[in-house]
Amino acid sequence: MSSADPLIRVENMVHRYTMAGETMTILKGLSFTIDYGEFVAIIGPSGSGKSTLMNMLGCLDVAGEGDYFLDGQEIRKLSDNKLAQIRNEKIGFIFQNFNLLPKLSAIENVELPLIYRKMPHRERREVARNSLVRVGLEERMHHRPSELSGGQQQRVAIARALAGAPPILLADEPTGALDTKTGQEVLQMIRELNEQGHTIILITHDLEIAQQAKRIIRIQDGNLVEDRRNV
């Protein structure tokens with residue numbers, strides 16, 4: 001792969017589900033690229049296919065048809081173990097409901113992806129500590145999720161996503177469980193992470209949130225209906 005190649009290349013992606021004997025086409029031949037360092041919002045209403053597309057981009061699922069290349073690798077040809085490795089090393093996930101383990105402290109939650117990498121305890125503790133400092137939670141490292149506000153929990157989730165230094169941050173409705181002020185603070189942090197070099201893919205149904213990105217891809221009924229730069 002040359003330096004001119006995109007980070008993500010999707011070609012004619014089609015995906016179908018069969019439920020109760022009926023086959024539904026969720027993604028209908030999507031094609032687009034995302035370059036290194038972009039901040040892209042994928043927007044669409046409920047049922048548009050954006051969540052299915054997120055699963056494909058995050059290597060949580062593999063499309064039935066078409067091609068998906070991530071950082072030069074053809075995803076369709078990879079084993080489940082290799083897909084898990086890519087998720088751990090190349091993609092940091094930020095979810096609407098935080099997905100923190102309630103019995104673990106903030107720093108222990110941030111350490112989890114590093115454990116899967118078999119990073120030594122002392123090293124991963126230092127990496128996790130630095131990630132929490134980066135999101136302004138140095139004084140809350142040893143608190144459990146129930147002892148943190150919603151905004152603080154999302155910051156822990158962002159720190160966890162950052163811990164492995166992945167090139168891609170995939171944020172699924174990251175402000176959906178937050179009040180407006182806290183949501184704006186989280187979006188500002190995501191913008192800053194993009195300015196620091198992370199490629200951001202933001203999944204949302206909210207146009208106002210999508211406007212924070214530098215590019216908007218709109219999905220409707222499984223089709224890509226708009227792909228434009230924000231000015």
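The figures that follow rest on heavy atoms only: side chains count, while hydrogens, waters and symmetry mates do not.
Aromatic ring pairs are classed by plane angle as parallel below 30°, tilted from 30° to 60° and perpendicular above 60°; the pair H15 and Y17 is perpendicular.
Formation of a donor-acceptor pair under 3.5 Å by the S131 side chain with backbone atoms of V127 is found in this model. Formation of a donor-acceptor pair under 3.5 Å by the T175 side chain with backbone atoms of L178 is not found in this model. The main-chain N or O of G37 is found under 3.5 Å from a side-chain atom of T199 such that the two form a donor-acceptor pair. Judged by distance alone, with hydrogens and angles left aside, the side-chain atoms of S48 form a donor-acceptor pair with the main-chain N or O of P45 at under 3.5 Å. At least one donor-acceptor pair closer than 3.5 Å links the side chain of N230 to the backbone N or O of Q211. No donor-acceptor pair under 3.5 Å is formed between the side chain of Q220 and the backbone N or O of G44. A donor-acceptor contact shorter than 3.5 Å is absent between the side chain of T204 and the backbone of I43. The backbone N or O of P166 sits less than 3.5 Å from a side-chain atom of H198, completing a donor-acceptor pair. Judged purely by atom type and a 3.5 angstrom limit, K90 has no side-chain atom pairing as donor or acceptor with the backbone of P167. Judged by distance alone, the side chain of R125 and the main-chain N or O of E111 form no donor-acceptor pair under 3.5 Å.
A salt bridge is defined here as a Lys NZ or Arg NE, NH1 or NH2 lying under 4.0 Å from an Asp or Glu carboxylate O, and E126 with R122 fails to meet this definition. Of the charged side-chain nitrogens involved, none lies within less than 4.0 Å of a carboxylate oxygen, so that R76 and E74 do not count as a salt-bridged pair. The pair E108-R124 does not meet the salt-bridge criterion, since no charged nitrogen lies less than 4.0 angstrom from a carboxylate oxygen.
Contact between A161 and F93 at its shortest, heavy atoms only, is CB-O, 3.7 Å. The two residues S31 and N12 have their closest heavy-atom pair at OG-N, 2.8 Å. In this structure, P145 and P102 approach most closely via the heavy-atom pair CD-O, 3.7 Å. Nearest approach of V10 to L30, heavy atoms of both residues: CG1-O, 3.3 Å. When all heavy atoms are compared, the tightest approach of Q96 to A177 is O-CB, 3.5 Å. Considering all non-hydrogen atoms of both residues, E185 and K181 come closest at OE2-NZ, 2.7 Å.
For E208, the CD atom is loosely surrounded, since the number of other residues' heavy atoms within 6.0 Å does not exceed 12. In M19, the CE atom is not crowded: 12 or fewer heavy atoms of neighbouring residues, nucleotides or ligands sit closer than 6.0 Å.
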Set out, in order, the CA-CA distance, both residues' side-chain angles and the distance that settles side-chain contact (heavy atoms from CB on, under 4.5 Å) for V40 and F32, then state yes or no. CA-CA 12 Å; V40 180; F32 59 88; over 6 Å; no
Could you walk me through whether R134 and Q196 satisfy the side-chain hydrogen bond (donor to acceptor under 3.5 Å, both in side chains) test, starting with their C-alpha distance in whole Å, then the side-chain angles of each, then the deciding distance to 0.1 Å, before giving a yes or no? CA-CA 12 Å; R134 193 173 171 185; Q196 293 165 17; 2.6 Å; yes
With salt bridge (charged side-chain N to carboxylate O under 4.0 Å, His left out) as the criterion, how do R16 and E65 come out once you've worked through the C-alpha distance, each side chain's angles and the decisive distance to 0.1 Å? CA-CA 9 Å; R16 299 181 177 91; E65 300 173 27; 2.4 Å; yes
Tell me, with the steps shown, if D227 and R215 meet salt bridge (charged side-chain N to carboxylate O under 4.0 Å, His left out). CA-CA 7 Å; D227 185 350; R215 176 182 167 199; 2.9 Å; yes
Please lay out, stage by stage, how V156 and L132 fare under the test side-chain contact (heavy atoms from CB on, under 4.5 Å). CA-CA 7 Å; V156 173; L132 286 165; 4.3 Å; yes
Between L57 and L70, is a side-chain contact (heavy atoms from CB on, under 4.5 Å) present by the stated rule, with each step listed? CA-CA 8 Å; L57 296 179; L70 173 59; over 6 Å; no
Residues I201, I42; criterion side-chain contact (heavy atoms from CB on, under 4.5 Å); working and verdict: CA-CA 7 Å; I201 302 174; I42 296 177; 3.9 Å; yes
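Note on L60: it clusters hydrophobically with I219, by side-chain heavy-atom contacts below 4.5 Å among ILVMFWY residues.
Side-chain contact check for D179 and T182: at least one donor-acceptor pair (N or O, by modelled atom type) lies under 3.5 Å. A side-chain donor from one of Q188 and R191 sits under 3.5 Å from a side-chain acceptor of the other.
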